[in-house]
Amino acid sequence: MTVNFFERLSSDLSQLLKNSNEYNVIIEVGQGPDIQVFKVHSNILNSRCLYFKDKLDAITYNNNNVKIIKQPNISIEVFNIIIKYIYCGSISLENINASVIFELLIASNEFRLEELIKHVQSILLENNASWLRLNFSRVYKASFKDNNLKDLQQFCANIIAKHPNIILDSDEFLSIPENILIFILKLDNLQMDEGKIWDYTIKWGIAQNPSLPPNHDQWSDEHFSALKSSLRDCLPLIRYFQIPGEDVFNKVRPYQKILDPNLWADIMLKFMAPNSPITSRILPPRVNLPSTLPSRDSNISIVDNDLPEIESNKASELKKSGDSYPSRDSNISIVDNDLSEIESNKASELRKSGDSYRKMGKYKESITDLTKSLEIKPDDAFALRSRGESYRMMGKYKESIADLTKSLEIKPDDAFALRSRGESYRMVDRYEVSLADLSKSLEIEPNNAFALSRRGESYRLMGKYNESLADLNKSLEIEPNNAFALRSRGNTYRMMSKYNESLADFNKSLEIEPNNAFALKYRGNTYRMMGKYNESLTDLNRSLEIKPNDSWTLKERDQTNRLLKK
């Protein structure tokens with residue numbers, strides 16, 4: 001008799017993840033200061049995740065016998081769930097926002113975690129169908145990237161079949177991938193007249209060939225050939241023999257050159273001699289759907305309020321811009337509760353787009369979207385900290401501190417907000433409060449390289465060089481090629497008159513960022529202190545080319561010139 005003790009095994013592996021004993025892989029998750037380091041084990045990754053197995057096979061160990069994997073495009077919150085699943089085989093999605101669950105599904109698909117894909121997909125469809133409909137554009141694009149999300153594809157297919165205009169009349173229709181258009185054309189229950197389906201197909205094909213003349217009467221055979229090539233896999237899916245004769249004459253006939261001659265002859269034959277045999281393949285007519293589709297019990301169907309929900313979300317977006325959006329039937333009403341839910345969703349989308357802009361370095365766009373989000377939800381701690389970080393990156397430290405302080409009033413133990421505010425305080429020379437924030441941040445996330453390097457710099461500026469070195473050494477163990485930490489440690493060594501060590505750090509820092517004026521001027525000073533005046537002058541000149549009005553560097557160059565008797 002076999003007895004399984006999976007619960008104890010899961011618990012032990014959970015402790016292994018927490019304690020990171022004998023780790024030989026570092027996974028860096030996130031971007032900018034919002035980075036978390038996970039110390040994990042190759043044996044577990046290899047056995048539990050094909051994605052990481054392939055990654056590890058392609059990476060060599062560094063000098064510390066550790067492999068480093070960077071995952072900048074996944075959130076720390078999502079990766080925490082995934083890594084716990086890999087180690088322990090368990091997850092909990094209670095009280096997790098639907099948008100995070102959706103991101104978890106996309107990440108699970110990227111990591112090829114089939115068991116997790118199936119479970120998370122089920123949770124979304126059973127418990128978060130309203131969110132999926134309100135974010136339909138984002139959802140259907142993700143579901144059709146590959147065929148691993150078939151249940152989500154079916155959810156989208158049910159909506160598209162009943163309301164095809166959601167995609168076909170959207171601004172993004174002309175740029176949708178071919179596989180999505182093919183999927184739509186294959187739907188036997190697509191609720192649209194076949195003549196209109198032909199119109200949209202031709203419209204999409206023309207958009208793929210921007211060099212085509214706007215008037216098709218001026219097209220050459222090469223132009224028709226280009227359109228035919230673009231629509232090669234779409235044309236066989238049109239139900240030609242269901243198109244009314246008037247539409248055949250007005251819509252299909254102008255583009256008959258893209259059709260097989262035998263097919264065109266059969267289309268003509270149908271109208272001229274309807275009882276004559278036809279050799280072309282005849283697809284069955286599309287099926288008309290009943291007014292009400294089955295409920296979710298019949299495997300992820302939709303009800304008649306799908307379209308109002310999706311269009312109400314669009315109406316909310318247009319309301320913000322001052323435009324109006326009449327519904328198709330002019331009878332779609334929006335009650336206060338609906339608006340509240342939609343506005344909340346709009347705030348969430350603005351917050352996500354604002355944070356994405358921040359991660360892309362587009363700080364003005366980030367602040368614009370986050371400000372709009374905060375107009376709807378003024379006490380959103382995430383939006384406040386993200387805007388505070390964007391302000392910091394723009395050098396607006398006063399505004400940064402104000403936002404981050406408000407965010408920390410709501411979530412006092414947010415390590416990201418603490419280290420971001422600590423860095424803003426450092427930039428306005430408030431080293432004691434900077435130190436307090438960074439230290440509190442490190443109590444929560446002890447191995448955050450950003451916080452360690454910034455606290456090390458704060459210690460240096462306060463003249464506490466031993467404490468500075470301790471932090472910078474630890475930071476560089478986690479991120480060996482961090483140019484900021486290298487030049488900060490180089491500067492600390494310089495202040496301790498350890499010029500060889502200082503020079504080594506500045507050299508490595510400048511290999512990573514060759515045009516950093518800060519590193520150049522202090523390496524120039526180090527060279528001068530070592531009596532290497534020509535090397536010193538070279539660095540100081542380069543630094544002044546980048547920052548011509550730096551008074552410290554000008555004085556340093558003056559001293560070097562005097563020592564060279566210039």
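When a residue number appears, it is its place in the shown sequence, counting from 1.
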Check your understanding: What's the shortest heavy-atom distance between P164 and L190, and which atoms?
Key -> CB-CD1, 3.7 Å
Exercise for review: Calculate, to the nearest 0.5 Å, the distance between atoms CD1 and CD1 belonging to I184 and I167 respectively.
Suggested key: 4.0 Å
Check your understanding: With a 4.5 Å limit on heavy-atom distance, are the side chains of R239 and D188 in contact?
Key -> yes
Study note, to complete from the structure: salt bridge (Lys or Arg N to Asp or Glu O under 4.0 Å) filter on R286, not counting sequence neighbours, yields E194
Practice item. Report the C-alpha distance between Y61 and S42 in whole Å, list the side-chain angles of each, state the deciding distance to 0.1 Å, and finish with yes or no for side-chain contact (heavy atoms from CB on, under 4.5 Å). Key: CA-CA 11 Å; Y61 286 103; S42 61; 4.1 Å; yes
Exercise for review: Indicate yes or no: at least one non-hydrogen side-chain atom of I81 is less than 4.5 angstrom from one of L93.
Suggested key: yes
Review point. Between S420 (side chain) and A417 (backbone), is there a donor-acceptor pair under 3.5 Å?
Key: no
Check your understanding: Got a second to check how far L149's CG is from S108's OG, nearest 0.5 Å?
Key -> 9.5 Å
**Study point:** Residues which pass salt bridge (Lys or Arg N to Asp or Glu O under 4.0 Å) with E103, listed by chain and number, not counting sequence neighbours
**Key:** R138
Practice item. Quick one: closest heavy-atom pair of L472 and A485, and the distance? Key: CD2-O, 4.0 Å
Review point. Does a side-chain heavy-atom distance below 4.5 Å link V78 with I106?
Key: no
Study note, to complete from the structure: Correct closest heavy-atom pair for A129 and L125 would be CB-O, 3.9 Å
Check your understanding: Got a donor-acceptor contact below 3.5 angstrom from the Q191 side chain to the V287 backbone?
Key -> yes
Exercise for review: Verify the neighbour count for atom CD of E172: are there more than 12 heavy atoms of other residues, nucleotides or ligands below 6.0 Å?
Suggested key: yes
**Study point:** Heavy-atom donor-acceptor pair, N179 side chain to F144 backbone, under 3.5 Å
**Key:** yes
Review point. Hey, what's the ring geometry for F79 with F111, parallel, tilted or perpendicular (30° and 60° as the breaks)?
Key: perpendicular
Check your understanding: Counting distance only, does the side-chain N/O of E389 pair as donor-acceptor with the main-chain N or O of R358 below 3.5 Å?
Key -> no
Practice item. Would you indicate whether the side-chain heavy atoms of Y391 and I401 approach each other to under 4.5 Å? Key: no
Practice item. Taking the side chain as every heavy atom from C-beta outward, state whether N128 and I123 have any pair of such atoms under 4.5 Å apart. Key: yes
Review point. Between CG of L476 and CZ of F484, what distance do you get to the nearest 0.5 Å?
Key: 11.0 Å
Point to revise | Side-chain touch R387/E399, heavy atoms, less than 4.5 angstrom | key: no
Revision key, fill the gap. Rounded to the nearest 0.5 Å, the CG atom of N62 sits from the NZ atom of K67 at a distance of 10.5 Å
Review point. Between R48 and Y85, is NZ or CZ placed under 6.0 angstrom from the six-membered ring centre and within 45° of the ring axis?
Key: yes
Check your understanding: Does K508 have any salt bridge (Lys or Arg N to Asp or Glu O under 4.0 Å) partners at least two apart in sequence or in another chain, and if so, which?
Key -> none
Exercise for review: Might you work through the side-chain contact (heavy atoms from CB on, under 4.5 Å) test for L350 and I376, ending with a clear yes or no?
Suggested key: CA-CA 10 Å; L350 284 165; I376 301 169; 4.2 Å; yes
Point to revise | Closest contact, heavy atoms only, S230 versus E178 | key: O-OE2, 3.7 Å
**Study point:** Side-chain (Q153) to main-chain (N148) donor-acceptor, under 3.5 angstrom
**Key:** no
Check your understanding: Under 3.5 Å, is there a donor-acceptor pair between the side chain of K359 and the main chain of Q31?
Key -> no
Point to revise | Closest non-hydrogen atom pair, I238 against L283 | key: O-CD1, 3.8 Å
Review point. If you draw a 6.0 Å radius around NZ in K362, do more than 12 non-hydrogen atoms from other residues or ligands fall strictly inside?
Key: no
Which pairs of donor and acceptor atoms, one on a side chain in residues 442-449, lie under 3.5 Å apart (sequence neighbours left out)?
from: E445; atom 1: OE1; to: R419; atom 2: NH1; distance (Å): 3.0
from: N448; atom 1: OD1; to: F450; atom 2: N; distance (Å): 3.2
from: N448; atom 1: OD1; to: A451; atom 2: N; distance (Å): 2.9
from: N448; atom 1: ND2; to: I35; atom 2: O; distance (Å): 2.8

Review point. If you look at every heavy atom in I74 and A107, which pair is closest and at what distance?
Key: CD1-CB, 3.7 Å
Check your understanding: Mind checking whether L438 and D471 have side chains closer than 4.5 Å, heavy atoms only?
Key -> no
Check your understanding: Are any side-chain N or O atoms of T368 and backbone N or O atoms of K364, one a donor and one an acceptor, separated by less than 3.5 Å?
Key -> yes
Exercise for review: Kindly indicate, with the supporting measurements, whether the criterion side-chain contact (heavy atoms from CB on, under 4.5 Å) is fulfilled by F102 and L152.
Suggested key: CA-CA 11 Å; F102 183 74; L152 198 61; 4.1 Å; yes
Review point. Does E349 pair with K352 as a salt bridge, N-O distance under 4.0 Å?
Key: yes
Review point. Do I176 and W204 touch side chain to side chain, with heavy atoms closer than 4.5 Å?
Key: yes
Point to revise | Check: D369 main-chain N/O paired with S373 side-chain donor or acceptor under 3.5 Å | key: no
Exercise for review: Determine, for R454 against E457, whether the closest basic-nitrogen to carboxylate-oxygen distance falls under 4.0 angstrom.
Suggested key: no
Revision key, fill the gap. d(S75 OG, Q36 CD) to nearest 0.5 Å is 10.5 Å
**Study point:** Reported NZ-to-CG distance for the pair K411 and L384, which is rounded to 0.5 angstrom
**Key:** 11.0 Å
Check your understanding: Does N135 reach the main-chain N or O of V139 with its side chain, forming a donor-acceptor pair under 3.5 Å?
Key -> no
Review point. Short question: side chain of Q208, backbone of L174 - any donor-acceptor pair under 3.5 Å?
Key: yes
Check your understanding: With K186, which residues qualify under salt bridge (Lys or Arg N to Asp or Glu O under 4.0 Å), at least two apart?
Key -> none
Review point. Would you call D437-K440 a salt bridge at under 4.0 Å N-O?
Key: no
Review point. Considering residues, nucleotides and ligands other than F183, do more than 12 of their heavy atoms fall under 6.0 Å from its CZ?
Key: yes
**Study point:** R351 with D355: basic N within carboxylate O range, under 4.0 Å
**Key:** no
Practice item. Determine, stepwise, if the pair L181 / Y200 fulfils side-chain contact (heavy atoms from CB on, under 4.5 Å). Key: CA-CA 10 Å; L181 179 59; Y200 284 112; over 6 Å; no
Revision key, fill the gap. Residues at least two apart in sequence or cross-chain that pass side chain to side chain contact (heavy atoms under 4.5 Å, CB included) with D199, listed by chain then number, are K251
